[in-house]
Number of protein chains: 2
Amino acid sequence: MPKMVLDAIDRRILAALQRDGRLTNVQLAEEVGLSPSPCLRRVRLLEEAGVIGGYRATLDRAELGLGLTVFVGVKVVRHDESGAAAFRGAVRLLPSVVACHLVSGESDFLLQVVVPDLAAYERLLLDTLMRLPGVSDIRSNFAIQTVKAEGPLPLDHL
Amino acid sequence: MPKMVLDAIDRRILAALQRDGRLTNVQLAEEVGLSPSPCLRRVRLLEEAGVIGGYRATLDRAELGLGLTVFVGVKVVRHDESGAAAFRGAVRLLPSVVACHLVSGESDFLLQVVVPDLAAYERLLLDTLMRLPGVSDIRSNFAIQTVKAEGPLPLDHL
DNA sequence: GGATTTCTTGGCACGGTATGCCAAAGATCG
DNA sequence: CGATCTTTGGCATACCGTGCCAAGAAATCC
């Protein structure tokens, strides 16, 4: 994946599509100061280069009855790459786990889990998470309030 | 916000738009087994009810030169509301902080920070994060590998 | 059980949009 | 300064979004 060179117009395009992914190409073109044709071409290039990975509708968790977000720190038994691979594969298959990162620090993995309520989390924790391969310790941090979620990526450094 | 009643077709619509937010209404209609007219109406209703909060392009962090993701645990001096409100307001204005939750457990706030490199994080940490109002302790957990990011919300519980 | 009411669907028409193509303008480099 | 390469803008066509109305299905009520 060769890193693409982005100019000021590309940055404006990305910022606009990050704000509203369903912008019409005509609207987008006007917003970035281009005519529709070259604007659409730039968007296609950004998509093909992988800068734009895709487009997603962002859903409201509360409206969907997903009232509980939990950040779960997981420690695994160390020095076992096959075990860690198994853990990653298992986590990827869990729909309730919307994010998972290998991290430095106290925990080895940091998961973001979304469930309807505490009862659902209890089931997930006891029946699934604690039984994942190689897990030695689990720490649950419940989200009490969301200050900022899924904020746009910063582009000012370009 | 009265919770909207969602049937199987609505669920399919949400799943499809979560997968590809730029789906044409015609494509979407065919995918969920409806003709375009009622399909579009349902999408509009979901938008107005707030179930669909918006549409966003998902960008590739590595391609944008945002190579470093850090999960930052922040402790504040007290849970007194004025201090916490100041902290939240300040965090919301930081572009590098893409997510921030008030959480239970060791830390009070859990932040997700996205920066180009370690030098940028050092500057953010020393010049900004440590000077935020009421901060008493900061713990940085660096993302080493992303197993799953921004996964779709689970809808099977409906 | 049947009729009425209410909600949802599907088709149609029109205005707007996406998209490929070509010429013109601009930038780059020797 | 001139040639080459890149990017832009406009145009034409096919497709799509969107509002409207009638037909169908579902629920309700007597």
Side-chain angles (χ1 to χ4, degrees), chain A residues 1-60 62-65 152-153 155-158, chain B residues 1-60 62-65 152-153 155-158:
Chain A
M1 279 277 193
K3 278 192 188 174
M4 190 176 168
V5 263
L6 304 175
D7 62 7
I9 295 183
D10 290 318
R11 239 178 303 147
R12 283 207 292 272
I13 289 178
L14 294 175
L17 288 179
Q18 227 181 161
R19 181 170 42 75
D20 182 1
R22 289 216 87 157
L23 269 179
T24 280
N25 183 53
V26 183
Q27 297 173 294
L28 181 62
E30 179 173 7
E31 187 165 336
V32 305
L34 228 56
S35 76
S37 284
C39 182
L40 182 63
R41 186 197 338 265
R42 288 173 99 113
V43 173
R44 292 287 175 266
L45 285 175
L46 290 167
E47 290 170 354
E48 284 161 21
V51 180
I52 297 177
Y55 302 87
R56 304 248 324 254
T58 64
L59 308 184
D60 188 301
E63 284 287 331
L64 291 170
L153 293 182
L155 300 175
D156 44 294
H157 65 99
L158 293 175
Chain B
M1 275 279 197
K3 277 191 188 175
M4 192 176 166
V5 266
L6 303 175
D7 62 6
I9 296 183
D10 290 317
R11 240 177 302 147
R12 282 207 292 272
I13 289 178
L14 294 175
L17 289 179
Q18 226 181 163
R19 181 169 43 75
D20 181 1
R22 290 215 85 157
L23 270 179
T24 280
N25 182 53
V26 184
Q27 297 172 295
L28 181 62
E30 179 172 8
E31 187 165 335
V32 304
L34 228 55
S35 75
S37 284
C39 182
L40 181 64
R41 184 188 354 258
R42 288 173 99 112
V43 173
R44 292 286 175 266
L45 284 175
L46 289 167
E47 290 171 353
E48 283 160 22
V51 181
I52 298 177
Y55 302 87
R56 304 246 327 249
T58 64
L59 308 185
D60 187 302
E63 284 288 331
L64 291 170
L153 294 182
L155 301 174
D156 44 294
H157 65 99
L158 293 175

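What you see is a predicted model, and the numbers here were worked out from it, not measured in a lab. Letters go in sequence order (proteins before strands), and every chain restarts at 1.
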Which pair of non-hydrogen atoms, one from A:R56 and one from B:R19, has the smallest distance, and what is that distance?
-> CD-O, 4.4 Å

Heavy atoms of A:L28 and A:A16 approach each other most closely as CD1-CB, 3.6 Å

Minimum heavy-atom separation for A:A57 to B:I52, with atom names?
-> CB-CG2, 4.3 Å

Closest heavy-atom pair, A:L23 versus A:E31, reported as atoms and distance to 0.1 Å, is CD1-OE1, 3.9 Å

Report the distance from atom CD of A:E30 to atom P of D:dT8, rounded to the nearest whole Å.
-> 17 Å

Whole-Å gap separating C1' (C:dT19) and CG (A:L45) = 14 Å

Got a second to check how far A:R12's CZ is from A:L17's CG, nearest 0.5 Å?
-> 13.0 Å

In short, B:V5 meets B:D10 closest at the heavy-atom pair O-OD2, 4.0 Å

Under 4.0 Å protein heavy-atom contacts per nucleotide of nucleotides 17-28 of chain D, with B for base, S for backbone only and - for none = SBB---------

Under a 4.0 Å heavy-atom cut-off, which of residues 7-16 of chain A touch DNA chain D?
-> none

Salt bridge between B:E47 and B:R42, side-chain N to carboxylate O under 4.0 Å?
-> no

Integer-rounded Å distance: D:dT7 C1' and A:L46 CG | 15 Å

If only side-chain N and O atoms of B:R42 are considered, is one of them under 4.0 Å from the OP1 or OP2 phosphate oxygen of C:dT8?
-> no

What are the two closest non-hydrogen atoms of A:L14 and A:L6, and how far apart are they?
-> CD1-CD1, 4.1 Å

